[in-house]
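A short write-up of the structure that comes next.
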Amino acid sequence: MPRGRRRTEFLMLIFAVAVVVFAYGSVGLGLNGKLPAGMAEYCGGFAVLILVAHFAVRRFAPWADPLMLPLATLLNGLGIVMIYRLQEVGRNGNPGSLSVPMSASATAIQLMYTAIGIAGFIGVLALIREPRVLQRYTYTFGAIGLILLAIPALLPSHISEVPGTGAKIQLAIGGFSIQPEEFAKLALAVFFAGYLVAKRDVLALAGRRFLGIDLPRARDLGPVLIAWAASLLVLVFESDIGTSALFFGLFVVMIYVATQRTSWLLIGIALFVFGSVAASRLFGHVGERFDIWLHPFTGSNPSGNAYQLVQGLYGMGYGGVLGRGLGGGQPYFTPLVQSDFIVTAFGEEIGLTGLMALLIIYGLIVQRGLRAAISTRDPFAKLLAGGLAFVLALQVFVIVGGVTRLIPLTGITTPFLSQGGSSLVASWMMIGMLMRISDTARRPPPQAIQDEGMTQVVRIG
Amino acid sequence: MSTLTLLLIRLAFLAILWLFVIAAVGVVRTDMFGTSGAGRKAGRQRQPQRPRPSRPARGGRGEAHRLLVTSGALVGTSLGLTDQQITVGRANDATLVLNDDYASSRHARLFPQDGQWIVEDLGSTNGTYLDRQKVTQPTPVPVGVPIRIGKTVLELRR
């Protein structure tokens, strides 16, 4: 029985905002013993933004999934709360100092980015009324994606380098910086979906069986090799392992979803392992990442290269199962804790228990995205939703796996939580796209023009 | 702020965070199984033990809410049932567009009548099968009985 379920969404939104308000209040109580100064303004502003988003969904996508907006709201709100908590470090009598200082208005700026993100979300819902209109611009989106990806590599490093990391991934003009890769991710997901819908039959059917695996023909390997080469170029010229893993993973999974052939996954994994091992031998900064990952506590690593990772691990250890309470930890010891390492700040202050809840919330967003992919009937939208949901999961896996030392650490943003506008806006646009696809999937079939019986009266002449 | 108060706030925050997660999972659950109608709930309460296997031949008056594809290229797709008829076939204007070489353009239709769903073959080449029976005339479809169209299998679900 299809129902809009906007009431459920509204109730869940109230719940999400309440959790955020509670968290915001408890940061102040944990730090100074009193409620934070601008609490009413910040929480009120956030609630108004979310309300606007909710009414936009009612207007533009009434059949969309009821859960995506509340889940994204909660993550975004908790991100703002943590940024407020880190902004207070070293201010108003609170201890500590951050390695990369935050401005006194970081929370307000993050709230402003949230507003832009919600505007992007509404824009996607309002402009793209049917997912398939994007299919017409497959190659346009491919070109946009590649250009966005390549821009930082071509610019001089004082514009494109992120201070303190050596990664060339941003465009810094004036006081503002944007990271084009976040948007490139969306554009390339559209491109891959459009390309694979057109080409999937040849990729799926041609080829022969070997050892129980369907191998593709050599000439059909072209696209996957090009994607692999492009991701390696990103790795070499932008020193950004995370992004290159993200793009290659996105392509491999979408080709797998399109063709249902395991061989693509195996080929992709083999290429990626080969590429990263070769890169770690050839390029110093990649080899260093492997060293940090494997031997963080050896020799001079804990106070040198691996300092950030080790501090993050100590932070999470200090937090333990229940955490130190919001405002009660010492996350400021970890460099860049407000962007790449915000997960360790959460681990320290809300503990394993809270971090698990956050990961489940990510998992639920991914599940809703895959659900939309399964239930939609348009193959292009199916692939796009699957790809977007997967890339969110992969991004969370790469950064959380990195800071917890499961895989080599690579600096990418945590969707919705990290400080920074590009990631937030791109994540909201992605939620907008997923909700558009789920709206099309859940919309009841169109009404017949006239309610004809078994026979139909036709007027002649 | 005493340590005890802070401890209570910390635990309370974790508790409401997890309550949110549980509520979200609850929404996912109702989305999967549906919460339509207090009648069904009341019925469940009145006879709490109903472990016997569901009989597919139960009339299913107004009970089917979804049409689920259980096999074929579109497996997993589900359509909500309204009071409108559902056409199935390869034609682009069908309600359920099949990408199935063994289906005809306008293969079959399902329509509600007196609280039952009826399947009717629209003169397809390979025929429509309800369970094992070929559909030669409009036939009522009980909930949970497979309808075979080409390589695709559909089922009505509650």
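First the proteins, then the strands, lettered A, B, ... as listed; each starts at 1. When reading the values below, keep in mind they use all heavy atoms of this one structure, side chains included, and skip hydrogens, waters and symmetry mates.
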By a 4.5 Å heavy-atom criterion (distance strictly below it), what part of [X] contacts chain B: side chain, backbone, both, or neither?
| X | answer |
| --- | --- |
| Thr353(A) | both |
| Leu326(A) | side chain |
| Leu11(A) | neither |
| Gln367(A) | side chain |
| Leu67(A) | side chain |
| Ile350(A) | both |

Worksheet item: Considering residues at least two apart in sequence or located in another chain, which fulfil the salt bridge (Lys or Arg N to Asp or Glu O under 4.0 Å) criterion with Arg106(B)?
Response: Asp93(B)

Item to complete: Name all residues meeting the salt bridge (Lys or Arg N to Asp or Glu O under 4.0 Å) criterion together with Arg157(B); count only those two or more places apart in sequence or in a different chain, and write none if there are none.
Response: Glu155(B)

Worksheet item: If you count heavy-atom pairs under 4.5 Å with chain B, which of Gly323(A), Ser26(A), Ala18(A) comes out on top?
Response: Gly323(A)

Worksheet item: If you draw a 6.0 Å radius around CG in Asn94(A), do more than 12 non-hydrogen atoms from other residues or ligands fall strictly inside?
Response: yes

Worksheet entry | Lys/Arg N to Asp/Glu carboxylate O, Asp65(A) vs Arg368(A), below 4.0 Å | yes

Discussion item. What part of Leu19(B) gets within 4.5 angstrom of chain A, counting heavy atoms only: side chain, backbone, both, or neither?
Written reply: both

Discussion item. Given heavy-atom pairs under 4.5 angstrom as the criterion, report whether the side chain, backbone, both or neither of Ile16(B) touches chain A.
Written reply: both

Discussion item. Between Arg5(A) and Thr30(B), is there a side-chain donor-acceptor contact under 3.5 Å, judged purely by atom types and distance?
Written reply: yes

